[in-house]
Each structure stands twice: as C-alpha cells, then as structure tokens.
There are 2 protein chains.
Amino acid sequence: MNDKQLTSILNARSVKPTAMRLLVLDMLAQQEAASSLSDLEEQFDKVDKVTLYRTLKTFEQHKIIHSIDDGTGSAKYALCSEGCECNPGDLHVHFHCQVCKRTFCLTDYTIPAVNLPHKFVLKEMNMVMKGLCEDCAG
Amino acid sequence: MNDKQLTSILNARSVKPTAMRLLVLDMLAQQEAASSLSDLEEQFDKVDKVTLYRTLKTFEQHKIIHSIDDGTGSAKYALCSEGCECNPGDLHVHFHCQVCKRTFCLTDYTIPAVNLPHKFVLKEMNMVMKGLCEDCAG
DNA sequence: AAAAGACATGCAACCGATTTGCAAAGTTTA
DNA sequence: TAAACTTTGCAAATCGGTTGCATGTCTTTT
C-alpha cells in the first residue's frame, strides 16, 4: 500500500497521519497473521515500545485495527476491514496455530449466533479456535 | 458439600485430599461465578497466593476445574462437571458481565461448530460472550 | 522408632506484558 | 512568534503469573 492509501485510511478514521503511524499501519498491512506488540517491536528494531503501544491503542480506539485475545497472554492486532464498527455482527473467528504460534483472522468465518439465557444482553464476543494451521498440518 | 463428598471428588481424580485442597475445592464449589486467583485469595485472607496457585494448577491438570480466559487478563476457574475430559465436545460458552465483572459458565450452551478452512485441524476452542448478565440488565 | 523418600506448603524473588508519569519534540492556532 | 496541544521517548511502576528453594508433613522402608 502506498502512502496515499495509508494516509486516507487514517484520515477516514480521524487519526492524524504522523510518520510513525504510517509506518506502523504499513507494517500491519503487510502481515499475513495478527501481530503482537513485541512482534512489531522486533520488525522495526528502532522504535520505542511505548510509542508503538500507544499507536496501537489509538488505532484500536478508532477502529483501524482490532485486538485479538488468542489466549497466549499477549494481545495480537490486525487491520479491521473497511467500515468495520467492531460490532458483534462484524466479528469473525480467529485461529491460533499451536505449532507456528501464528494467529489468523478467518474473516470469512463469522461467529455463529448463540442463544443466551433470558435477559442476558450481548455486547461483544470472542471466539478463538486452536490447533494446526494449514501450513503446519502438512 | 461435606468433606466426604469433597474428598471423593479429589480421590476420583487421584489428587491427595489435603486440608488446603479440601478448603479450596469447597470454596470453588460454593461460587456462583468463576473465580480468579485473587478472588480466592481475598476470600480466604490467610493463604499464600503461590500455594493457591499451585493448588489450582493441580486441580486443572486433573480436570477437577477448568480455566477460563474471559479476556480480562486474569484467568478464572470453575468446577468441571463430573466426568468432564475438557475435550472440544465438553466445552461450553462463557459469559462475562461488563458491569458486575463476573464470569459465568453457561454449561447448557455448547459452543456451536464452525467449519474451518481446508486442512486446519481443531484441537481447542474458546468462546466468550460479553455484555450484561441477568442481574445487571435489570 | 529412626531414616529416607516423596510430596505439599510458604516465602522471596523473577518474568513478561502492559500501563503510567513526565519531560522533550513537533504541530497547530491565535 | 508565542501559547496550546499533540505526539514521542525514556524510566519506572503495576499486575498476573511463575520459579527456586527451604521447610514442613506424611508415608514407606529398614
């Protein structure tokens, strides 16, 4: 993705396109799997972890990325699809490979509806499947 | 539950019924919602956190309890149903209330099946719903 | 019963991920 | 340009989870 495209993603979400942010957004856009804070930190090797952290928080608040709790103890981040509002209906399943440790967004696999007990109100949902990804299943 | 019942649960899973373990198991059995390590620590007020931690680990390994990752950053624990083997088929949905912060096992709500992409192998699953529980929805 | 072994408990300290405080640098606005 | 605000960088705290190691307890063996 070129700078113009990246900038317009940020603008669309009212986030000022600073150099740092464009860099991080670009990096995220290149990833096949969701990235943790430390994944990103390693890839850049010159950026401050806290700045990275705050950049991700800003992105998350503005629904540029969503965070994924895959149960490994470190949050992963991945780009939201265009116009995503992170509502239960927008949510997809995530898959964590126990071998290569990568976590994928299965964007084509929406979380199936579950009836809740009477009176419970659903706001958010998280569904993570774990096992072997296609590369590791062989 | 009386001591005899508690002891037999432990024996059934080959865990030596020490005083500590009976105490913790009893406490867990009394809970309506899943408990974190610190929840339990507060309830007892005289036990060492590490001992509690190791007790829970032992219980978990022997499938007396299961741990729940509700996304809050602290693991919750709840009793397994009798004979539970913690296989994907045994799994139920969990619900975390964003108001009262309690996490419940919805044991009657099994996790719906999701087709995975070709070649992916499923080993484990986690599904957490978040929102308002019946008490907080009002 | 004494000694040996095995497991359980308690305390201190560490670890990794995340978060906060605060000062410095960069931008925007009056 | 100066004041006001935002972003960035570094240090350090917090928090949940975990390990090492000494001590205590219980069981088994001699």
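Letters A, B, ... mirror the listed sequences (proteins, then strands); counts begin at 1. Note that the structure is a prediction, hence the values are computed from the model and not measured.
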Interatomic distance where [atom1] belongs to [X] and [atom2] belongs to [N] [whole Å]:
| X | N | atom1 | atom2 | result |
| --- | --- | --- | --- | --- |
| A:Leu56 | C:dT18 | CG | P | 10 Å |
| B:Asp48 | D:dT19 | CG | P | 15 Å |
| A:Leu52 | D:dC10 | CG | C1' | 15 Å |
| B:Met20 | D:dG24 | CE | P | 18 Å |
| A:Leu22 | D:dT8 | CG | P | 10 Å |
| B:Glu42 | D:dG16 | CD | C1' | 14 Å |
| B:Leu23 | C:dA8 | CG | P | 16 Å |
| B:Gln61 | C:dC7 | CD | P | 13 Å |

(message) With rounding to the nearest 0.5 angstrom, report the NZ to OG1 distance, B:Lys16 to B:Thr58.
(response)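 OG1 of B:Thr58 is found 11.5 Å from NZ of B:Lys16.
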(request) Go through the side-chain N and O atoms of B:Asn11 and B:Ser8 and say whether any donor and acceptor fall under 3.5 Å apart. (result)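 Per modelled atom types, B:Asn11 and B:Ser8 side chains form no pair under 3.5 Å.
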(message) Under a 3.5 Å threshold, yes or no: a donor from one side chain and an acceptor from the other, between B:Asp26 and B:Gln30?
(response)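 Yes, side-chain donor-acceptor contact under 3.5 Å.
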(message) What contact category does B:Thr18 fall into here, base, sugar-phosphate, or nothing, at under 4.0 angstrom with non-hydrogen atoms?
(response)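 Counting heavy atoms under 4.0 Å across all strands, the contact made by B:Thr18 is with sugar-phosphate only.
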(message) Does D:dG17 have its OP1 or OP2 closer than 4.0 Å to a side-chain nitrogen or oxygen of B:Ser74?
(response)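 So the side chain of B:Ser74 is outside the cut-off, no N or O lying under 4.0 Å from OP1 or OP2 of D:dG17.
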(message) With a 6.0 Å cut-off (strictly less than), is the heavy-atom count around CG of B:Asn2, excluding the residue itself, greater than 12?
(response)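 Result for CG/B:Asn2: enclosed.
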(message) With a sphere of 6.0 Å drawn around NZ of A:Lys119, does it hold more than 12 non-hydrogen atoms of other residues, nucleotides or ligands?
(response)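 It does not: A:Lys119 NZ has 12 such atoms or fewer within range.
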(request) Sequence neighbours left out, what pairs pass ring-ring contact (aromatic ring centres under 6.0 Å, His included) with at least one residue falling in residues 96-117 of chain A? (result)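 Applying ring-ring contact (aromatic ring centres under 6.0 Å, His included) to every pair that reaches into residues 96-117 of chain A, excluding sequence neighbours, yields nothing.
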(message) Among A:Leu52, A:Asp48, A:Val47, exactly one meets side-chain contact (heavy atoms from CB on, under 4.5 Å) together with A:Val50. Which residue is that?
(response)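 When A:Leu52, A:Asp48, A:Val47 are each tested with A:Val50, the side-chain contact (heavy atoms from CB on, under 4.5 Å) holds only for A:Asp48.
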(message) Tell me whether B:Asp135 is salt-bridged to B:Arg102, with the criterion being a basic N under 4.0 Å from an acidic carboxylate O.
(response)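 Yes, this pair counts.
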(request) Could you tell me whether B:Glu85 and B:Arg13 have a side-chain N and a carboxylate O separated by less than 4.0 Å? (result)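 Counted as a salt bridge, because a side-chain N and a carboxylate O are separated by less than 4.0 Å.
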Filtered N/O pairs between nucleotides 23-30 of chain C and protein, under 3.5 Å:
none

Review item, nucleotides 19-21 of chain C N/O atoms under 3.5 Å of protein N/O:
from: C:dT19; atom 1: OP2; to: A:Tyr53; atom 2: OH; distance (Å): 2.5
from: C:dT19; atom 1: O5'; to: A:Tyr53; atom 2: OH; distance (Å): 2.7
from: C:dG21; atom 1: O6; to: A:Arg54; atom 2: NH2; distance (Å): 2.8

